[in-house]
2 protein chains.
Amino acid sequence: MDVTIKDVAKRAGVSTATVSRVLNGSPYVQEHLASRVREAIAELGYRRNAAARSLKTKKTNTIGVLVPDISNPYFMQISKGLEDVLAPHGFSLIFASSDEDSRKEAKLLRVLSEYRVDCLVVATAGGNDELLKDINGGGLPVVLVDRLPPVLAGELDYVVEDNHSSAYQLVHHFLEQGARSFGLIHGPMSATTALERAFGCRAALAEGKVPPERIVEYHGDFSQASGQAAVRLFLQGELPDAVLALNNSMAWGAILELSKHKLRIGEDVLLGSYGAVDAAPLLPFSITYVDQNPRELGERVGEVVRERLVSSKQGHIWHVMQQKLRMDRPE
Amino acid sequence: MDVTIKDVAKRAGVSTATVSRVLNGSPYVQEHLASRVREAIAELGYRRNAAARSLKTKKTNTIGVLVPDISNPYFMQISKGLEDVLAPHGFSLIFASSDEDSRKEAKLLRVLSEYRVDCLVVATAGGNDELLKDINGGGLPVVLVDRLPPVLAGELDYVVEDNHSSAYQLVHHFLEQGARSFGLIHGPMSATTALERAFGCRAALAEGKVPPERIVEYHGDFSQASGQAAVRLFLQGELPDAVLALNNSMAWGAILELSKHKLRIGEDVLLGSYGAVDAAPLLPFSITYVDQNPRELGERVGEVVRERLVSSKQGHIWHVMQQKLRMDRPE
DNA sequence: GTGAAAGCGCTAACAC
DNA sequence: GTGTTAGCGCTTTCAC
């Protein structure tokens with residue numbers, strides 16, 4: 001049997017209420033009693049029971065975080081930012097990974113809500129728009145991050161990147177570099193980010209009057225393998241002037257595959273990426289990419305969570321973060 | 001006010017005990033009652049309260065995971081493996097990040113134990129040996145992963161790599177390649193992994209009769225920057241035949257710095273790494289490295305956790321996983 | 001099979 | 001200031 005507040009009270013010769021007051025830092029306890037309580041706590045090795053506490057207070061000081069992939073550095077950078085902001089305020093993070101699966105996501109959403117987390121941070125795999133709206137409506141604040149299903153734009157708090165604009169600028173840059181034909185490697189259209197990036201690209205291509213026959217599009221799944229597959233497809237026709245991968249894993253796949261075919265990036269073909277390619281500084285060619293900042297995204301989410309929890313403010317909070325184009329050149 | 005089991009009972013015209021039985025899948029409920037309960041649950045949008053539940057059952061179905069850095073892919077790969085094994089059994093993971101800080105680790109250990117997690121998985125930052133032993137002794141099973149303070153080897157369950165042997169082999173390989181002088185880039189000695197790797201290296205160097213004056217050692221902190229700093233140090237003397245970085249971030253830093261100085265890896269200097277360097281397949285030189293498998297480490301930990309929780313077995317469970325040497329060559 | 005009722009450990013009125 | 005006490009929502013004997 002665990003030691004409870006009752007045991008502490010008995011040992012210190014006070015009531016449980018006094019122990020509770022000491023535990024919660026109430027100023028209305030005489031110092032000599034407080035120190036007796038603290039002694040008893042130490043002697044007995046008492047640890048407060050969070051379940052009993054939150055049953056009473058209806059607060060868990062826990063934030064549920066639901067991401068498509070717990071091992072994806074992008075999402076974990078976001079989580080790091082979140083933790084940096086929230087941990088100092090006493091919040092813990094409980095994680096779940098949907099594996100980009102709507103059904104699993106729905107199940108995990110239920111589990112997290114049963115834990116009565118104080119707030120839910122979700123990078124949705126899609127397909128749970130109604131459920132998310134219900135949960136939020138039911139009194140559990142939901143903050144969307146990275147992925148924003150259009151239906152939810154007016155309904156929930158969110159912090160996302162300006163995917164459309166960044167992708168637009170990426171294409172625009174290559175048009176200015178003189179590229180006249182394009183190979184686009186898209187992510188899965190179930191991810192709103194992939195969809196928005198695709199639209200951003202198309203807007204720039206239309207504006208640049210690039211005719212459809214000079215555009216090849218491959219629909220990948222954000223994985224390195226799909227970046228490689230895309231390049232193999234492109235090689236079946238005439239190699240486009242520029243290959244644009246709409247995330248960094250696919251960009252890396254494209255680089256590997258192009259290299260395998262002895263194609264020189266920067267000369268035979270230009271390469272663009274949405275998101276930095278880690279190895280870029282060492283590669284013998286330059287890559288222009290959209291500079292994401294997941295850490296900052298996470299910090300912003302943390303602030304939104306706090307705003308939502310402390311100021312219980314009306315209306316919705318949303319942030320659309322701007323990205324800049326960057327180029328890594330060989331040194 | 002949330003809807004409770006009482007509301008459901010009233011709506012279904014049964015007692016709370018019956019609702020509870022349905023919730024827990026007890027077979028001793030007549031089907032027509034059970035379905036009425038399920039209806040009521042759906043109509044009312046009832047969600048079970050995990051806090052109340054675990055207050056009673058003394059189980060949370062939650063595993064606490066404490067790692068030095070939540071955004072480090074190595075630890076998140078471990079976590080992914082853990083989650084893959086545990087999630088199907090209804091366990092959720094609650095994470096905390098110690099930032100390699102013993103004091104923060106101690107605090108988080110307390111928080112997690114207050115949550116009454118069913119088990120604690122810890123990659124320790126060090127300095128909390130007694131606390132960890134106490135927690136485990138107090139009835140909360142602790143499973144160490146990756147980092148194993150020697151004092152705890154006989155006290156707790158653990159799953160770790162064979163750092164000593166792998167590092168030994170790494171050095172041995174370079175001796176066989178003809179390297180006669182070495183530059184070692186160590187991790188922080190507060191991390192047991194770094195310490196073990198250092199001993200492994202030294203054992204091989206001693207056996208190879210490499211005289212001390214042909215060994216330069218730099219004590220880094222596992223970061224890319226410290227890999228770069230190490231190389232700058234090495235360049236002040238005579239460049240060693242082989243530079244060995246004892247983790248992959250430092251290896252990458254070393255590569256960047258060597259390249260910056262126009263040194264050709266594989267010709268001017270050999271390079272070895274503990275852990276794969278992501279960009280390796282594309283680099284114009286080969287790297288020999290210890291092939292870690294964090295995902296599998298995590299899966300193994302998951303199995304240990306389950307063993308510990310279900311079979312409440314006596315004694316300690318430990319796994320020391322073996323790694324293989326691998327070489328990535330340019331294609 | 002089903003229900004009544006006693007807590008699990010804690011907090012927060014309320015009374016003193 | 002401090003103590004008493006009534007629950008928070010659930011599970012689980014123990015009767016019936």
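- Remark: A:D2 does not engage B:K58 in a salt bridge, criterion side-chain N to carboxylate O under 4.0 Å.
- Comparing B:A52 and B:P27 by the nucleotide of DNA chain C that holds the closest heavy atom to each, the one mapping nearer the 5' end is B:P27.
- Atom OH of B:Y115 and atom P of C:dG9 are 19 Å apart (whole Å).
- Partner of B:P149 under the side-chain contact (heavy atoms from CB on, under 4.5 Å) criterion, out of B:L156, B:T124, B:N128: B:T124 alone.
- Atom NZ of B:K6 and atom P of D:dT11 are 14 Å apart (whole Å).
- B:D84 and B:R295 are joined by a salt bridge, as a carboxylate oxygen and a charged side-chain nitrogen come within less than 4.0 angstrom of each other.
- Computed from coordinates, the A:R47 CZ to C:dG9 P distance equals 12 Å when rounded to whole Å.
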Salt bridge (charged side-chain N to carboxylate O under 4.0 Å, His left out), that's the test. Do A:E100 and A:R147 meet it? Break it down for me. CA-CA 12 Å; A:E100 296 282 9; A:R147 315 275 183 91; 2.8 Å; yes

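- For B:S20, a side-chain nitrogen or oxygen approaches OP1 or OP2 of D:dT11 to under 4.0 Å.
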Provide a list of protein-nucleic acid N or O atom pairs under 3.5 angstrom, restricted to nucleotides 2-5 of chain D.
residue, atom, partner, partner atom, Å
D:dT2, OP1, A:Q30, NE2, 3.0
D:dT2, OP2, A:Q30, N, 2.6
D:dG3, OP2, A:S15, N, 3.0
D:dG3, OP2, A:S15, OG, 3.2
D:dG3, OP2, A:T18, OG1, 2.5
D:dG3, N7, A:R21, NH1, 3.4
D:dG3, N7, A:R21, NH2, 3.4
D:dG3, O6, A:R21, NH2, 2.6

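- In the helix from C:dG1-D:dC16 to C:dC16-D:dG1, the terminal helix axes, each the rotation mapping four pairs' C1' atoms onto the next four within five end pairs, subtend 40°, rounded to 10°.
- At a cut-off of 3.5 angstrom, the base of C:dG7 holds at least one donor-acceptor pair with the side chain of B:K56.
- Between the CG atom of A:N24 and the C1' atom of C:dT11 there is a distance of 8 Å, rounded to whole Å.
- Counting only heavy atoms from C-beta outward, the side chains of B:P68 and B:D99 never approach each other to under 4.5 Å.
- Look at CG on B:L55: it is 17 Å from P on D:dG7, rounded to the nearest Å.
- Between B:K107 and B:D101, no side-chain nitrogen of the basic residue sits less than 4.0 Å from a carboxylate oxygen of the acidic one, so the salt-bridge criterion is not met.
- Comment: B:E130 engages B:K133 in a salt bridge, judged by a side-chain N to carboxylate O separation of less than 4.0 angstrom.
- Summarising the local packing, NZ of A:K104 is surrounded by more than 12 heavy atoms from other residues, nucleotides or ligands at distances under 6.0 Å.
- An OP1 or OP2 oxygen of C:dG9 is reached within less than 4.0 angstrom by a side-chain nitrogen or oxygen of B:K58.
- Note: CZ (B:R53) to P (C:dC10) measures 20 Å, nearest angstrom.
- One interatomic measurement links the two molecules: CG of B:L23 to P of D:dC10, which rounds to 8 Å at whole-angstrom precision.
- Counted by atom type alone, B:D118 and B:T60 present one or more donor-acceptor pairs between their side chains at under 3.5 Å.
- Contact check, B:R48 against D:dT11: a side-chain N or O comes under 4.0 Å of OP1 or OP2.
- At the phosphate of D:dC8, neither OP1 nor OP2 sits under 4.0 Å from any side-chain N or O atom of B:N49.
- Rounding to whole angstrom units, CG of residue B:L44 and C1' of D:dG9 are separated by 15 Å.
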